[in-house]
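Just so you know, ligand 1 is whichever comes first in the structure, and atom 1 is the first atom listed for that ligand. Source: prediction; values computed, not measured.
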Amino acid sequence: MTAPLRDIQQKSVIVTGGARGIGRAIALRFLQCGAHVVIADVDESGVATARELSEDGYASKVHFVRCDVSKRSDIEALVAETTGHFGTVDVLVNNAGIFPRCDMLQMDEAFWDHVLDVNLKGTFMLCQTVVPSMIERSSGAIINIGSNHANAGEPATLAYAVSKGGIVTLTRNLAKALAQHRIRVNCVQPGWIASEGEMARWKTAGMDEANITAHMSRMGLGRMQTGEDIADAVLFMASDMSRQITGQVLVVDGGNSVR
Ligand SMILES: NC(=O)c1ccc[n+]([C@@H]2O[C@H](COP(=O)([O-])OP(=O)(O)OC[C@H]3O[C@@H](n4cnc5c(N)ncnc54)[C@H](O)[C@@H]3O)[C@@H](O)[C@H]2O)c1
């Protein structure tokens with residue numbers, strides 16, 4: 001057996017939603033471990049992210065593909081481009097996600113469909129597209145990013161919570177179906193991270209410095225979580241260190257759920 005994380009070297013990894021936030025931290029961690037990374041994002045700022053990471057010394061190892069994960073044609077193009085660029089897809093990290101708020105009674109169908117299409121259907125379509133080549137190689141790891149909202153009741157995040165509950169169910173079912181092919185499927189469930197998306201939400205909600213500090217002081221392990229906290233758990237789930245783990249939800253919430 002190789003030293004811990006050595007198996008990640010030269011692996012080809014897709015990180016959706018990797019232009020910023022948690023996804024960017026995940027992409028960087030894989031690069032630091034010697035993997036090749038495709039950052040797939042609907043936002044063209046992924047071009048700048050890939051450039052920054054290239055300048056950090058990962059020039060030939062990182063590539064950006066514009067992809068809206070809710071569109072099958074984009075997903076097929078993403079997987080074809082990744083395979084053309086790096087040969088295979090060994091690891092898929094389904095991180096792209098949106099978390100808009102809306103009261104249940106105000107919510108129209110378009111809102112519901114959009115959240116479910118990006119967060120849940122996109123994850124399913126990506127899995128469905130990469131799995132055939134993983135089956136051919138009898139190897140692969142898929143990590144789906146969930147949320148503690150899957151277990152919570154908060155009316156304004158109903159569509160988001162349902163999408164993340166679906167991620168848990170999808171993870172368990174795919175893990176069962178794909179274990180015979182030595183493909184592992186797991187979910188990493190973050191708690192609360194000050195990502196760009198989350199900070200924009202605070203601003204819209206009118207949260208000021210004092211609110212945020214008060215929230216932070218209530219975090220289980222005493223601080224806000226970072227993208228790196230989540231990235232390390234994803235790396236674990238992608239590596240041989242978790243070789244006998246599939247169909248599981250790894251909660252990385254700084255202890256919040258045990259308080
Ligand atoms: N930040 C938190 O506290 C938190 C907590 C639990 C779970 N999560 C989950 O972590 C993941 C990342 O969240 P984040 O906080 O980094 O958010 P973020 O908004 O900072 O980043 C999300 C990224 O996903 C991309 N994206 C959005 N829609 C897309 C689409 N249709 N196709 C491709 N890319 C798309 C965005 O452009 C962005 O780059 C999400 O799945 C989110 O639900 C976040």
Side-chain angles (χ1 to χ4, degrees), residues 14-29 38-50 52-53 64-79 92-101 113-126 129 143-152 154 157 159-168 170-171 187-205 207 212 215-216 219-220 223-231 233-234 249-254 256-257:
I14 291 177
V15 182
T16 69
R20 67 182 197 185
I22 297 171
R24 188 191 191 283
I26 294 170
L28 178 58
R29 269 292 191 269
V38 167
I39 290 174
D41 206 296
V42 71
D43 193 322
E44 293 283 354
S45 66
V47 173
T49 304
E52 283 160 24
L53 294 173
F64 171 72
V65 178
R66 194 204 163 273
C67 170
D68 179 344
V69 297
S70 68
K71 296 204 167 81
R72 184 176 285 282
S73 55
D74 279 17
I75 286 176
E76 287 170 355
L78 164 68
V79 173
L92 167 64
V93 184
N94 283 305
N95 163 79
I98 53 173
F99 29 91
R101 263 63 177 167
D113 286 349
H114 185 48
V115 175
L116 272 289
D117 281 358
V118 173
N119 294 359
L120 185 56
K121 194 171 86 175
T123 296
F124 165 66
M125 290 195 297
L126 255 153
T129 310
I143 299 98
N144 299 322
I145 303 300
S147 166
N148 55 359
H149 280 267
N151 329 321
E154 196 186 306
T157 54
Y160 178 68
V162 170
S163 74
K164 293 298 186 178
I167 289 289
V168 174
L170 178 73
T171 299
C187 172
V188 168
Q189 196 168 289
W192 198 30
I193 292 93
S195 63
E196 285 92 328
E198 188 60 10
M199 288 194 291
R201 188 183 70 76
W202 295 349
K203 213 170 155 190
T204 312
M207 276 174 78
I212 294 165
H215 273 293
M216 280 162 69
M219 296 296 285
R223 66 161 170 84
M224 279 301 283
Q225 294 182 271
T226 64
E228 289 72 27
D229 296 330
I230 309 309
V234 170
V249 177
L250 179 55
V251 177
V252 187
D253 70 349
N256 265 10
S257 51

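- Under the side-chain contact (heavy atoms from CB on, under 4.5 Å) test applied with I193, the options V252, I22, T226, D253 reduce to a single match, I22.
- On a distance-only criterion, N95 and ligand 1 share at least one N/O pair closer than 3.5 Å.
- Here T157 contributes atom OG1 and R101 contributes atom CZ; the two are 5.5 Å apart, rounded to the nearest 0.5 Å.
- For G146, the heavy-atom gap to ligand 1 drops under 4.0 angstrom.
- V69 N, 3.0 Å is the protein heavy atom nearest to atom 32 (N) of ligand 1.
- If you look at C67 next to ligand 1, the close heavy atoms, those under 4.0 Å, all belong to the backbone.
- Considering backbone and side-chain atoms together, D43 places no N or O closer than 3.5 Å to any N or O of ligand 1.
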Inset, instruction - Please lay out, stage by stage, how N144 and T123 fare under the test side-chain hydrogen bond (donor to acceptor under 3.5 Å, both in side chains). - result: CA-CA 7 Å; N144 299 322; T123 296; 5.1 Å; no
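- When hydrogens are left out, the protein atom nearest atom 43 (O) of ligand 1 is Y160 OH, 2.6 Å; that is the closest non-hydrogen contact.
- Protein heavy atom nearest atom 20 (O) of ligand 1, with residue, atom name and distance: G197 N, 2.8 Å.
- Salt-bridge annotation for E196 and R24: absent, with no side-chain N of the basic residue lying under 4.0 Å from a carboxylate O of the acidic one.
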Legend entry - Verdict with supporting geometry, I26 and I143, side chain to side chain contact (heavy atoms under 4.5 Å, CB included): CA-CA 11 Å; I26 294 170; I143 299 98; over 6 Å; no
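- Looking only at distances, a side-chain donor or acceptor of T16 sits under 3.5 Å from a matching main-chain atom of A96.
- At the shortest separation from atom 24 (O) of ligand 1 among protein heavy atoms lies G17 CA, 3.4 Å.
- When the options G21, G97, A200, P190 are ranked by their closest heavy atom to atom 22 (C) of ligand 1, first place goes to G97.
- Checked against a 3.5 angstrom limit, the closest N/O atoms of S70 and ligand 1 fall outside it.
- Distance SG/C187 to CD1/I145: 7.0 Å, rounded to 0.5 Å.
- Proximity to E196 (heavy-atom distance under 4.0 Å) selects the following atoms of ligand 1: 20 (O).
- The closest heavy-atom contact to atom 9 (C) of ligand 1, among the options I230, I145, V93, comes from I145.
- Residue contacts with ligand 1: G191 is included, with a non-hydrogen atom under 4.0 Å away.
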Inset, instruction - Evaluate the side chain to side chain contact (heavy atoms under 4.5 Å, CB included) criterion for residues L126 and L78: first the C-alpha distance (whole Å), next the side-chain angles of each, then the deciding distance (0.1 Å), finally the verdict. - result: CA-CA 9 Å; L126 255 153; L78 164 68; 3.9 Å; yes
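- For the atom pair OG1 (T49) and CG (D41), the distance works out to 7.5 Å, reported to the nearest 0.5 Å.
- If you number the atoms of ligand 1 from 1 as listed, the ones under 4.0 Å from a heavy atom of I98 come out as 27 (C), 28 (N).
- Heavy-atom separations between T16 and ligand 1 are all 4.0 Å or longer.
- With rounding to the nearest 0.5 Å, the separation of NZ in K164 from CG in N119 is 5.0 Å.
- For the pair I193 and ligand 1, the shortest N or O to N or O distance falls below 3.5 Å.
- Neither the backbone nor the side chain of N119 has any atom closer than 4.0 Å to an atom of ligand 1 (non-hydrogen atoms only).
- In terms of protein heavy-atom proximity, atom 13 (O) of ligand 1 is nearest to F99 CE2, 3.8 Å.
- Applying the 4.0 Å criterion to heavy atoms of A19 picks out, from ligand 1, the atoms 39 (O).
- If you check which protein heavy atom lies closest to atom 31 (N) of ligand 1, you get D68 OD1, 2.9 Å.
- Within 6.0 Å of NE2 in H149 there are more than 12 heavy atoms belonging to other residues, nucleotides or ligands.
- With respect to D68, the side-chain hydrogen bond (donor to acceptor under 3.5 Å, both in side chains) criterion is satisfied by exactly one of K71, R66, R72: K71.
- Residue-ligand proximity, A96 to ligand 1, at heavy-atom distances under 4.0 Å covers atoms 24 (O), 33 (C), 34 (N), 35 (C), 41 (O).
- The closest side-chain heavy-atom distance from I98 to V115 is below 4.5 Å.
- Summarising the geometry, atom CG belonging to D229 is positioned 4.0 Å from atom CZ belonging to R223; distances are rounded to the nearest 0.5 Å.
- The N/O atoms of G18, backbone and side chain alike, include none that comes under 3.5 Å of an N/O atom in ligand 1.
- Using modelled atom types, no side-chain atom of N256 and backbone atom of M219 make a donor-acceptor pair closer than 3.5 Å.
- Close N/O approach between G23 and ligand 1 is not found [any backbone or side-chain N/O within under 3.5 Å].
- Between the Q225 side chain and the P190 main chain, no donor and acceptor come within less than 3.5 Å of each other.
- Considering backbone and side-chain N/O atoms, K164 comes within less than 3.5 Å of an N/O atom of ligand 1.
- Polar contact with ligand 1: absent for N148 (N/O pair, distance under 3.5 Å).
- Among protein heavy atoms, atom 21 (O) of ligand 1 sits closest to R20 NE, 3.5 Å.
- Protein heavy atom at the shortest distance from atom 14 (P) of ligand 1 is S195 OG, 3.4 Å.
- Not one N or O of S147 is nearer than 3.5 Å to an N or O of ligand 1, by distance alone.
- Short contacts between ligand 1 and W192, defined as distances under 4.0 Å to a heavy atom of the residue, involve ligand atoms 3 (O).
- Looking at E154 and Y160, their side chains never come closer than 4.5 Å, going by heavy atoms from C-beta outward.
- F124 CZ to T129 OG1: the interatomic distance, rounded to the nearest 0.5 Å, is 8.5 Å.
- Considering only non-hydrogen atoms, atom 37 (O) of ligand 1 lies nearest to D41 out of I22, D41, V65.
- Comparing heavy-atom distances from atom 34 (N) of ligand 1 across I26, V42, V118, V188 singles out V42 as nearest.
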